[in-house]
**Q** 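Handing you this structure, nothing more for now.
Keep in mind that this is a model prediction, so the values were computed, not measured.
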Amino acid sequence: MDRDQAHSEPVASPSSGSVGFARKHLLWLFLAICAAFGSGVAGEFVWIDVVEIEEAGYRVRDAQDFSQLWSLSLDQYLERDSGTPEGRGGYWRPIYALGITFNWAIWGDWVVWYHIENILWHGAVVAGLYLLGRVILGGPGPAFWAALLFAVHPLGVHSVTWISGRKDTMCAAFAVFSLLSMLRAVDSGERRARLAWSTVSSVLLLLALLSKELALVAPAFALVLVATRTPNSHHSSGTPIGGFVRNLQAGAFVLVPLWGVAFFVVLYRMFVLGGFGLSADRPTEDALLNLAVSAALFTHYESVIVFPRVPSISDAFAIPDAFGPAHAGSIALQGALGIVAAVGLWKRRPWAIALAWFFIWLLPASGLVPLRHLRAERYLYPASWGLLAAIVSVFAFAPALAPLRARRAALAVPAVVALGLAGLTAYASTLWKDEETLFRATLDQDPRHLESRLGLASLALREERYDEAIELGREAIRRADDPGTFVYWSPVVAYTNLGLALYHDGQHRAALRNFEEALAVRPGSSIALYHTGLALLALGDHAGAAERFARALEIAPGDDLCRANYGLALLRAGRVEEAGSQLSQVASRSPDDAALLINLGSAQLVLERFDDAAATLERAIAIKPDLVQQAKLAWCKWELGERQAARDLMVEPARELPNDPVVRFVQQRMLRP
């Protein structure tokens, strides 16, 4: 039997020896993963983790959230409390959302357990790829080394150390085990077993697709697997193409359901979520330029796999404005690799099947379809395994004619490489310990990365370092116009955070301009409307503020903070009765909010509802003592005929705040006969 036939044979039931081999390999792989990624376990929630997990942006909080999870894209779901974006479509990861919801219910914000779960998901992917490698690469040895290099490669940091990166690991784990289940179905002799494994394969693919859209390419690789390896392939005769066709016909019973699941998800997204649309400037209408960009992207991806370094979260990518020699070289390189892979597939070579994995899993990141990030190194998870497996496969069979001693010595090479990769990964994982470290390390690598600059601005804003937040926000907005670079940024976030920093710094008019910029980008956002109302309120435009707050409440009627400020704007605009109505609604739901109670009490006082005002102000003072509010309470008591109580309440305000306008007003009221 020649080597090609051996690789086309069905996998026999493993002997006890091979099972032991597999267990030993899996144990070594798991230990390697822990060594490489263990340094990241102590890290905090960073970057998108804060919004999606800590702030419940993509968690399920109640039955309404659960219902919306299946009909809204990720962006729309994040905005579910403040008005959804006008555009439809986009990313959709409901299984990931359910996963972090389950985590939060158990662990809350105990972040270490999220990191541990990420490592376990990565372990599942590595175990699946090891088992798949035993099938594709022709034995446990190459499968182990390929899985080991993938397991500890620093490109996994984005998907493993970053908690929100588990979208990648979940998608890959479900997809890989879907393919393994498909192979079990193909190899099963009994009809019932074939049906059972085919069903398992389809369900796992569905879970992969609901974890991340990337799994849409899995059925394409399933075609490659079935065409190059089915139980009956070694009986085929005639031309190779005839063997491929017969293999596909024999495996149709499992391929059709897989493609059916993918087609169903596509239809669901088109008709329920509104499509796949992402707002992106790439690809352009220039097909040749798109091809050059695609080839350049693949060249970049291949280089960072073969020559690893500390991975960067920067997605900045230089966009050529014309076709040139460098682009022709990139196209030639990828074309040559494609031809070599095609010839290898024709002969059913293991390295060619592995290369097919690499190219197929990277197709969505090729630049030929719209993506929010044109280049992101997390796109290489799980694609990088294919290139690593191809290299391992070539080196595993190349020294077959070498002396035995030389072959044994050669085993030290992948071991040393794996050790170096694990050390690099361990260091890279420490950079994710907190947002300050992550974003500053990224800007050191690439000053063009706008999200890191905006992330530092947001961090400074949360820590009340307003001057720094203003400087970082303005710099990010300025750099967004740099020509020749494709980089993702959110103008809504940029303008809103800059506006908030300016607002807290007392620069209310400048804050208003930035809030209006955010509102122009997303006119249907209640948050943008709320912030413009806030700035107008600070500027004394009470009527304008009330109008913005009212529009925001039409979109998000459950926003109590907005309603409270709406009541305050109405109160200052002289619409006291309306103010009292709005403030009463919020006070009933937030009985311990002193500021809210003070505003409500003030409205009741102006309406001369002295009984209600006295009760409200007493609650406010009990929560947060305030001499000005004590003076207002004295006024209520005076009007209610409790003259001595009123005098007693006014003693301290009159002594401590003799020049306060409210205190002086109440004193004058109490002097009247």
**Q** Check whether any side-chain heavy atom of Pro653 sits under 4.5 Å from a side-chain heavy atom of Asp660, and report yes or no.
**A**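 The answer is no, as the side chains (C-beta and beyond) never meet within the 4.5 Å cut-off.
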**Q** Determine, using ring centers only, whether Tyr466 and Tyr503 are less than 6.0 Å apart.
**A**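 Centroid separation for Tyr503 and Tyr466: 6.0 Å or greater.
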**Q** Should Arg375 and Glu377 be marked as a salt bridge (Lys or Arg N to Asp or Glu O under 4.0 Å) after you check the CA-CA gap, both sets of side-chain angles, and the distance that decides it?
**A** CA-CA 7 Å; Arg375 174 191 69 82; Glu377 291 175 1; 3.6 Å; yes
**Q** State, without any angle test, whether Thr532 and Arg548 hold a side-chain donor-acceptor pair at a distance under 3.5 Å.
**A**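 Side-chain D/A pair, Thr532 to Arg548: present.
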**Q** Do Ser73 and Gln76 meet the criterion of a side-chain donor-acceptor pair at a distance under 3.5 Å?
**A**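 Yes, a side-chain donor-acceptor pair sits under 3.5 Å.
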**Q** Assess the side chains of Asp446 and Ser312: does a donor N or O sit below 3.5 Å from an acceptor N or O?
**A**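 Checked: Asp446/Ser312 side chains show no N/O donor-acceptor pair below 3.5 Å.
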**Q** State, with a plain yes or no, whether a side-chain heavy atom of Leu498 is found less than 4.5 Å away from one of Ile477.
**A**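 Answer yes - side chains close enough.
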**Q** Would you list the atom pairs, donor with acceptor, under 3.5 Å between side chains in residues 103-113 and any protein atom, with sequence neighbours excluded?
**A**
residue: Asn103; atom: OD1; partner: Arg166; partner atom: NH1; Å: 2.5
residue: Asn103; atom: ND2; partner: Glu117; partner atom: OE1; Å: 2.6

**Q** Taking all non-hydrogen atoms of both residues, which atom of Gly567 and which atom of Ala579 are closest, and how far apart?
**A**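 Reported closest heavy-atom pair: O-CB, 3.2 Å.
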**Q** Using every non-hydrogen atom in the two residues, find where Thr442 and Ser314 come nearest and quote the distance to one decimal.
**A**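 Nearest pair, atom of Thr442 first, then Ser314: CG2-N, 3.9 Å.
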**Q** Would you indicate whether Arg478, at its atom CZ, is surrounded by more than 12 heavy atoms from other residues, nucleotides or ligands within a distance under 6.0 Å?
**A**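 It does: Arg478 CZ has more than 12 such atoms within range.
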**Q** Show me the donor-acceptor pairs within less than 3.5 Å that the side chains of residues 614-626 make with the rest of the protein, sequence neighbours left out.
**A**
residue: Thr616; atom: OG1; partner: Gln604; partner atom: OE1; Å: 2.8
residue: Thr616; atom: OG1; partner: Asp612; partner atom: O; Å: 2.9
residue: Glu618; atom: OE2; partner: Lys637; partner atom: NZ; Å: 3.1
residue: Asp626; atom: OD1; partner: Val628; partner atom: N; Å: 2.8
residue: Asp626; atom: OD1; partner: Gln629; partner atom: N; Å: 3.3

**Q** Would one find more than 12 heavy atoms of other residues, nucleotides or ligands at under 6.0 Å from atom CZ of Arg664?
**A**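 No, the 6.0 Å shell around CZ holds no more than 12 heavy atoms from other groups.
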**Q** If you take the centroid of each ring, where Trp contributes its six-membered ring, are Phe665 and Trp635 closer together than 6.0 Å?
**A**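 Yes, the ring of Trp635 comes within the 6.0 Å limit of the ring of Phe665, centre to centre.
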**Q** Inspect the surroundings of CD in Glu471 and state if more than 12 heavy atoms from other residues, nucleotides or ligands are less than 6.0 Å away.
**A**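 Open: at most 12 neighbouring heavy atoms sit under 6.0 Å from CD of Glu471.
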**Q** For Leu431 and Val157: C-alpha separation, side-chain torsions, deciding distance, then whether side chain to side chain contact (heavy atoms under 4.5 Å, CB included) applies.
**A** CA-CA 10 Å; Leu431 300 178; Val157 168; over 6 Å; no
**Q** Begin from the C-alpha positions of Ser581 and Glu577 and carry the test side chain to side chain contact (heavy atoms under 4.5 Å, CB included) through to its verdict.
**A** CA-CA 6 Å; Ser581 173; Glu577 191 164 348; over 6 Å; no
**Q** Using every non-hydrogen atom in the two residues, find where Leu216 and Leu209 come nearest and quote the distance to one decimal.
**A**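 The answer is N-CD2, 3.3 Å.
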**Q** Is it true that the NZ or CZ of Arg93 lies under 6.0 Å from the centre of Tyr91's six-membered ring and within 45 degrees of the ring axis?
**A**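 Satisfied, under 6.0 Å and within 45°.
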**Q** Closest heavy-atom contact between Gly580 and Leu600?
**A**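 Residues Gly580 and Leu600, closest heavy atoms: O-CD1, 3.9 Å.
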**Q** Do Glu52 and Tyr96 have side-chain atoms, one donor and one acceptor, less than 3.5 Å apart?
**A**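 Per modelled atom types, Glu52 and Tyr96 side chains form a pair under 3.5 Å.
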**Q** Assess whether side chain to side chain contact (heavy atoms under 4.5 Å, CB included) is satisfied between Asp560 and Gln585, documenting all intermediate values.
**A** CA-CA 9 Å; Asp560 283 347; Gln585 291 183 50; over 6 Å; no
**Q** How close do Leu627 and Glu656 get, heavy atom to heavy atom, and via which atoms?
**A**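 In terms of heavy atoms, the two residues are closest at CD1-CB, 3.6 Å.
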**Q** Under the side chain to side chain contact (heavy atoms under 4.5 Å, CB included) criterion, do Arg572 and Leu537 qualify, and how do the steps go?
**A** CA-CA 9 Å; Arg572 292 182 177 176; Leu537 189 61; 4.2 Å; yes
**Q** Output every pair passing ring pair (Phe, Tyr, Trp, His ring centres under 6.0 Å) with a member in residues 544-577, not counting sequence neighbours, ordered by first then second residue.
**A**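 Sorted pair list: Tyr530-Phe549.
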**Q** Mind checking whether Glu213 and Arg269 have side chains closer than 4.5 Å, heavy atoms only?
**A**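 A side-chain contact exists here, since the closest heavy-atom pair is under 4.5 Å.
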**Q** Tell me if the centroids of the rings in Phe45 and Trp432 come within less than 6.0 Å of each other.
**A**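 Not under 6.0 Å, so no.
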**Q** Do Thr437 and Asp434 get their side chains close enough for a donor-acceptor pair, meaning under 3.5 Å?
**A**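 Side chains of Thr437 and Asp434: pair found under 3.5 Å.
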**Q** Report yes or no: is the cationic atom of Arg669 (NZ for Lys, CZ for Arg) closer than 6.0 Å to the six-membered ring centre of Trp638, at no more than 45° off its axis?
**A**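 Negative - Arg669 is either too far from the ring of Trp638 or too far off its axis.
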**Q** Got a donor-acceptor contact below 3.5 angstrom from the His115 side chain to the Ile163 backbone?
**A**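 Side chain of His115 to backbone of Ile163: no pair is present.
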**Q** Between the side chains of Gln64 and Asp62, is a donor N or O closer than 3.5 angstrom to an acceptor N or O?
**A**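 The answer is no; no qualifying pair exists.
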**Q** Using only heavy-atom distances, determine whether the side chains of Gln582 and Arg563 contain a donor-acceptor pair under 3.5 Å.
**A**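 There is such a pair between these side chains.
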**Q** One pair to check against salt bridge (Lys or Arg N to Asp or Glu O under 4.0 Å): Arg513 and Glu517. What are the steps and the verdict?
**A** CA-CA 6 Å; Arg513 287 196 295 270; Glu517 290 282 359; over 6 Å; no
**Q** If I compare all heavy atoms of Leu472 with all of Arg453, which pair ends up nearest, and what's the gap?
**A**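 Smallest heavy-atom distance, with atoms named: O-CG, 3.8 Å.
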